[in-house]
Amino acid sequence: MSELAIIGGTGLDKIPNLEIVHREVCHTPFGEPSAPLTHGRLGGKEVVFLPRHGPAHSIPPHRVNYRANLWALKHVGVENVIGVAAVGGIKKTMGPGLIAIPDQIIDYTYGREHTLYEADLPHVTHIDFTQPYCESLRQHLLDAGESSGVKPIAGGTYGATQGPRLETAAEVNRMERDGCDIVGMTGMPEASLARELNLCYASCAVVANWAAGRGSDPISMKEIEKNLVQGMEQVKTLLITLLALRAV
Ligand code: HPA
(Lines give C-alpha, C1' and ligand atoms only; values in the text may rest on other atoms or scores of the structure.)
Protein backbone atom coordinates (compact mmCIF):
# COMPACT_ATOMS: atom_id res chain seq x y z
CA MET A 1 0.00 0.00 0.00
CA SER A 2 1.32 3.43 -0.82
CA GLU A 3 1.77 5.62 2.18
CA LEU A 4 -1.18 7.67 3.24
CA ALA A 5 -0.94 10.94 5.12
CA ILE A 6 -3.65 12.59 7.13
CA ILE A 7 -3.48 16.32 7.67
CA GLY A 8 -5.59 16.95 10.75
CA GLY A 9 -7.54 20.18 11.07
CA THR A 10 -9.36 21.88 13.91
CA GLY A 11 -10.69 19.13 16.19
CA LEU A 12 -8.16 16.61 14.93
CA ASP A 13 -4.83 17.81 16.33
CA LYS A 14 -4.11 14.24 17.34
CA ILE A 15 -5.59 10.83 16.63
CA PRO A 16 -5.99 9.07 20.00
CA ASN A 17 -5.90 5.52 18.61
CA LEU A 18 -2.85 6.19 16.43
CA GLU A 19 -0.06 3.84 17.47
CA ILE A 20 3.00 6.10 17.16
CA VAL A 21 6.08 4.50 15.61
CA HIS A 22 8.30 7.56 15.37
CA ARG A 23 8.31 11.31 14.95
CA GLU A 24 10.35 12.92 12.22
CA VAL A 25 11.47 16.53 12.29
CA CYS A 26 11.63 17.84 8.70
CA HIS A 27 13.31 20.97 7.40
CA THR A 28 12.26 21.99 3.93
CA PRO A 29 13.42 24.59 1.40
CA PHE A 30 10.20 26.43 2.32
CA GLY A 31 10.72 26.44 6.08
CA GLU A 32 9.33 24.30 8.86
CA PRO A 33 6.14 22.22 8.64
CA SER A 34 3.43 22.73 11.25
CA ALA A 35 4.85 19.88 13.37
CA PRO A 36 7.16 16.88 13.16
CA LEU A 37 5.63 14.16 11.00
CA THR A 38 4.15 11.38 13.11
CA HIS A 39 4.67 7.98 11.52
CA GLY A 40 2.28 5.49 13.02
CA ARG A 41 -0.32 2.77 12.59
CA LEU A 42 -4.03 3.26 12.57
CA GLY A 43 -6.06 0.04 12.69
CA GLY A 44 -2.74 -1.73 12.06
CA LYS A 45 -2.08 0.20 8.84
CA GLU A 46 0.74 2.67 8.24
CA VAL A 47 -0.08 6.36 8.14
CA VAL A 48 1.71 9.65 8.50
CA PHE A 49 -0.08 12.27 10.58
CA LEU A 50 0.47 16.02 10.51
CA PRO A 51 -1.60 18.48 12.57
CA ARG A 52 -2.13 21.47 10.24
CA HIS A 53 -2.41 24.00 13.06
CA GLY A 54 0.53 22.60 15.05
CA PRO A 55 0.51 20.20 18.02
CA ALA A 56 -0.99 22.86 20.31
CA HIS A 57 -3.41 24.24 17.71
CA SER A 58 -1.62 27.57 17.67
CA ILE A 59 -1.09 28.27 13.93
CA PRO A 60 -4.02 30.18 12.37
CA PRO A 61 -5.19 29.22 8.86
CA HIS A 62 -3.47 32.15 7.10
CA ARG A 63 -0.13 31.41 8.83
CA VAL A 64 0.04 27.66 8.12
CA ASN A 65 3.14 26.87 6.08
CA TYR A 66 1.26 24.85 3.48
CA ARG A 67 4.30 24.64 1.21
CA ALA A 68 6.50 23.10 3.91
CA ASN A 69 3.73 20.72 5.00
CA LEU A 70 3.12 19.30 1.53
CA TRP A 71 6.78 19.30 0.57
CA ALA A 72 7.70 17.36 3.75
CA LEU A 73 5.03 14.74 3.09
CA LYS A 74 6.22 14.25 -0.48
CA HIS A 75 9.80 14.07 0.69
CA VAL A 76 9.11 11.12 3.06
CA GLY A 77 7.44 9.15 0.28
CA VAL A 78 3.76 9.84 0.87
CA GLU A 79 1.57 9.45 -2.22
CA ASN A 80 -1.95 10.02 -0.89
CA VAL A 81 -3.03 12.87 1.35
CA ILE A 82 -6.36 13.35 3.08
CA GLY A 83 -6.89 16.88 4.34
CA VAL A 84 -9.40 16.84 7.18
CA ALA A 85 -10.98 20.26 7.67
CA ALA A 86 -13.72 21.95 9.66
CA VAL A 87 -16.12 23.96 7.52
CA GLY A 88 -19.30 25.99 7.73
CA GLY A 89 -22.39 24.78 5.87
CA ILE A 90 -23.78 27.16 3.22
CA LYS A 91 -26.26 25.00 1.31
CA LYS A 92 -29.33 23.65 3.17
CA THR A 93 -28.10 20.09 2.65
CA MET A 94 -24.81 20.82 4.48
CA GLY A 95 -25.97 20.90 8.09
CA PRO A 96 -23.71 20.79 11.16
CA GLY A 97 -22.41 17.32 12.02
CA LEU A 98 -22.35 16.14 8.39
CA ILE A 99 -19.25 15.11 6.50
CA ALA A 100 -18.65 16.03 2.87
CA ILE A 101 -16.11 14.89 0.32
CA PRO A 102 -16.06 17.98 -1.93
CA ASP A 103 -15.25 17.81 -5.62
CA GLN A 104 -14.63 21.47 -6.47
CA ILE A 105 -12.98 24.53 -4.96
CA ILE A 106 -13.31 28.29 -5.29
CA ASP A 107 -10.32 30.11 -3.86
CA TYR A 108 -10.99 33.42 -2.07
CA THR A 109 -7.71 33.45 -0.13
CA TYR A 110 -5.01 36.07 -0.68
CA GLY A 111 -1.45 36.77 0.33
CA ARG A 112 -0.60 33.13 1.07
CA GLU A 113 2.55 31.47 -0.25
CA HIS A 114 0.67 29.36 -2.74
CA THR A 115 3.12 27.84 -5.20
CA LEU A 116 6.36 25.92 -5.34
CA TYR A 117 6.99 27.18 -8.88
CA GLU A 118 8.52 30.48 -7.95
CA ALA A 119 12.24 30.90 -8.52
CA ASP A 120 15.03 29.42 -10.62
CA LEU A 121 12.59 27.93 -13.10
CA PRO A 122 13.79 26.63 -16.45
CA HIS A 123 10.36 27.59 -17.82
CA VAL A 124 6.97 28.78 -16.61
CA THR A 125 4.82 25.89 -15.36
CA HIS A 126 1.03 25.71 -15.20
CA ILE A 127 -0.70 22.75 -13.56
CA ASP A 128 -4.07 21.40 -14.66
CA PHE A 129 -6.47 22.03 -11.79
CA THR A 130 -9.78 21.46 -13.58
CA GLN A 131 -10.58 18.72 -11.09
CA PRO A 132 -8.84 19.96 -7.94
CA TYR A 133 -9.16 16.73 -5.96
CA CYS A 134 -7.84 13.25 -6.69
CA GLU A 135 -10.87 11.34 -7.92
CA SER A 136 -9.64 7.88 -6.92
CA LEU A 137 -8.97 8.95 -3.33
CA ARG A 138 -12.36 10.68 -3.19
CA GLN A 139 -14.01 7.45 -4.30
CA HIS A 140 -12.10 5.43 -1.68
CA LEU A 141 -13.31 7.86 0.99
CA LEU A 142 -16.88 7.57 -0.26
CA ASP A 143 -16.67 3.75 -0.38
CA ALA A 144 -15.27 3.68 3.16
CA GLY A 145 -18.05 6.06 4.16
CA GLU A 146 -20.68 3.66 2.82
CA SER A 147 -19.09 0.56 4.44
CA SER A 148 -18.69 2.26 7.80
CA GLY A 149 -22.17 3.76 7.85
CA VAL A 150 -20.76 7.30 8.07
CA LYS A 151 -22.36 8.13 4.71
CA PRO A 152 -20.56 11.33 3.73
CA ILE A 153 -22.09 13.71 1.20
CA ALA A 154 -20.57 13.03 -2.21
CA GLY A 155 -19.42 16.25 -3.81
CA GLY A 156 -19.84 19.93 -3.22
CA THR A 157 -17.87 23.08 -3.81
CA TYR A 158 -15.50 24.19 -1.08
CA GLY A 159 -15.09 27.97 -0.82
CA ALA A 160 -11.70 28.73 0.73
CA THR A 161 -11.64 32.03 2.66
CA GLN A 162 -8.74 33.85 4.22
CA GLY A 163 -9.76 33.95 7.88
CA PRO A 164 -9.07 33.95 10.68
CA ARG A 165 -12.32 35.88 11.05
CA LEU A 166 -15.51 34.20 9.98
CA GLU A 167 -17.42 35.60 6.99
CA THR A 168 -20.14 38.23 6.84
CA ALA A 169 -23.65 37.13 5.83
CA ALA A 170 -23.24 39.06 2.55
CA GLU A 171 -19.99 37.26 1.80
CA VAL A 172 -21.71 33.92 2.35
CA ASN A 173 -24.59 35.04 0.10
CA ARG A 174 -22.08 35.86 -2.61
CA MET A 175 -20.35 32.53 -2.12
CA GLU A 176 -23.66 30.74 -2.52
CA ARG A 177 -24.34 32.66 -5.73
CA ASP A 178 -20.88 31.59 -6.88
CA GLY A 179 -21.88 27.96 -6.25
CA CYS A 180 -20.15 27.23 -2.93
CA ASP A 181 -21.73 24.59 -0.70
CA ILE A 182 -19.31 24.82 2.24
CA VAL A 183 -16.80 27.38 3.50
CA GLY A 184 -13.48 26.78 5.21
CA MET A 185 -10.15 28.52 5.68
CA THR A 186 -7.57 25.85 4.92
CA GLY A 187 -8.57 24.14 1.67
CA MET A 188 -6.26 26.37 -0.37
CA PRO A 189 -3.44 26.41 -1.23
CA GLU A 190 -3.23 22.93 0.31
CA ALA A 191 -5.00 21.27 -2.63
CA SER A 192 -3.10 23.07 -5.39
CA LEU A 193 0.29 22.52 -3.73
CA ALA A 194 -0.53 18.82 -3.52
CA ARG A 195 -1.22 18.88 -7.26
CA GLU A 196 2.05 20.72 -7.94
CA LEU A 197 3.82 17.91 -6.07
CA ASN A 198 1.84 15.22 -7.89
CA LEU A 199 0.29 14.03 -4.64
CA CYS A 200 -3.14 12.41 -4.72
CA TYR A 201 -5.13 14.74 -2.44
CA ALA A 202 -8.73 14.70 -1.21
CA SER A 203 -10.58 16.68 1.41
CA CYS A 204 -12.73 15.30 4.19
CA ALA A 205 -14.80 18.27 5.37
CA VAL A 206 -16.63 18.20 8.69
CA VAL A 207 -19.47 20.71 8.93
CA ALA A 208 -19.03 22.44 12.28
CA ASN A 209 -21.67 25.19 12.02
CA TRP A 210 -24.07 26.93 9.70
CA ALA A 211 -22.13 29.57 7.77
CA ALA A 212 -22.70 33.23 8.65
CA GLY A 213 -26.31 34.29 8.14
CA ARG A 214 -27.52 30.73 7.60
CA GLY A 215 -28.38 29.70 11.16
CA SER A 216 -30.79 31.30 13.62
CA ASP A 217 -28.09 32.19 16.20
CA PRO A 218 -24.69 33.86 15.99
CA ILE A 219 -21.86 31.38 15.38
CA SER A 220 -20.27 30.33 18.66
CA MET A 221 -17.02 28.51 19.30
CA LYS A 222 -18.94 26.33 21.74
CA GLU A 223 -21.27 25.12 18.98
CA ILE A 224 -18.33 24.57 16.61
CA GLU A 225 -16.45 22.52 19.21
CA LYS A 226 -19.50 20.41 20.07
CA ASN A 227 -20.17 19.52 16.43
CA LEU A 228 -16.51 18.86 15.77
CA VAL A 229 -16.21 16.34 18.62
CA GLN A 230 -19.04 14.32 17.09
CA GLY A 231 -17.87 14.87 13.50
CA MET A 232 -14.26 13.90 14.16
CA GLU A 233 -15.42 10.60 15.73
CA GLN A 234 -17.06 9.87 12.38
CA VAL A 235 -13.91 10.90 10.52
CA LYS A 236 -11.85 8.46 12.60
CA THR A 237 -14.30 5.65 11.82
CA LEU A 238 -14.15 6.55 8.16
CA LEU A 239 -10.35 6.62 8.09
CA ILE A 240 -9.98 3.31 9.92
CA THR A 241 -12.44 1.72 7.48
CA LEU A 242 -10.57 3.20 4.52
CA LEU A 243 -7.32 1.70 5.79
CA ALA A 244 -8.98 -1.63 6.56
CA LEU A 245 -10.29 -1.82 3.01
CA ARG A 246 -6.70 -1.24 1.90
CA ALA A 247 -8.26 1.16 -0.51
CA VAL A 248 -5.25 3.39 -1.11
N1 HPA B 1 -16.29 29.70 7.87
C2 HPA B 1 -14.99 29.48 7.57
N3 HPA B 1 -14.29 28.48 8.12
C4 HPA B 1 -14.92 27.68 8.98
C5 HPA B 1 -16.27 27.87 9.33
C6 HPA B 1 -16.99 28.94 8.73
O7 HPA B 1 -18.18 29.16 9.00
N8 HPA B 1 -16.59 26.90 10.23
C9 HPA B 1 -15.47 26.15 10.41
N10 HPA B 1 -14.46 26.62 9.66
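Computed over heavy atoms, backbone and side chain alike; hydrogens, waters and symmetry mates excluded.
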### Summary
When every non-hydrogen atom of Ala72 is compared with those of Leu37, the smallest separation belongs to O-CD1, 3.9 Å
### Query
For Asn198, does the CG atom have more than 12 heavy-atom neighbours from other residues, nucleotides or ligands under 6.0 Å away?
no
### Message
Let me check something: do Leu141 and Leu42 share a hydrophobic cluster, defined by ILVMFWY side-chain heavy atoms less than 4.5 Å apart, either directly or through other members?
### Response
yes
### Query
Are Thr115 and Glu196 close enough, and set up right, to give a side-chain contact (heavy atoms from CB on, under 4.5 Å), and what steps lead you there?
CA-CA 8 Å; Thr115 181; Glu196 285 188 355; 2.6 Å; yes
#### Entry: Electrostatic pair Lys236:Glu233 at N-O distance under 4.0 angstrom
yes
#### Entry: Residue that, paired with Tyr66, satisfies side chain to side chain contact (heavy atoms under 4.5 Å, CB included) out of Arg52, Glu113, His114
Arg52
### Message
Please tell me whether His27 and Glu32 have a donor and an acceptor in their side chains that are separated by less than 3.5 angstrom.
### Response
yes
### Query
Salt-bridged, Arg67 to Glu118, with N to O below 4.0 Å?
yes
### Query
Would Glu190 and Tyr201 count as having a side-chain donor-acceptor pair, cut-off 3.5 Å?
yes
### Task
For atom NZ of Lys226, decide whether the heavy atoms of other residues, nucleotides or ligands shown that lie under 6.0 angstrom number more than 12.
no
### Query
Do the non-hydrogen side-chain atoms of Val150 and Ile99 ever get within less than 4.5 Å of each other?
yes
### Message
Between Arg214 and Glu176, does any side-chain N to carboxylate O distance fall below 4.0 Å?
### Response
yes
### Donor-acceptor side-chain pairing of Gln230 and Gln234 below 3.5 angstrom
no
### Query
When you check the gap from the basic side-chain N to the acidic O, do Arg165 and Glu171 get nearer than 4.0 Å?
yes
### Task
Would you indicate whether His75, at its atom NE2, is surrounded by more than 12 heavy atoms from other residues, nucleotides or ligands within a distance under 6.0 Å?
no
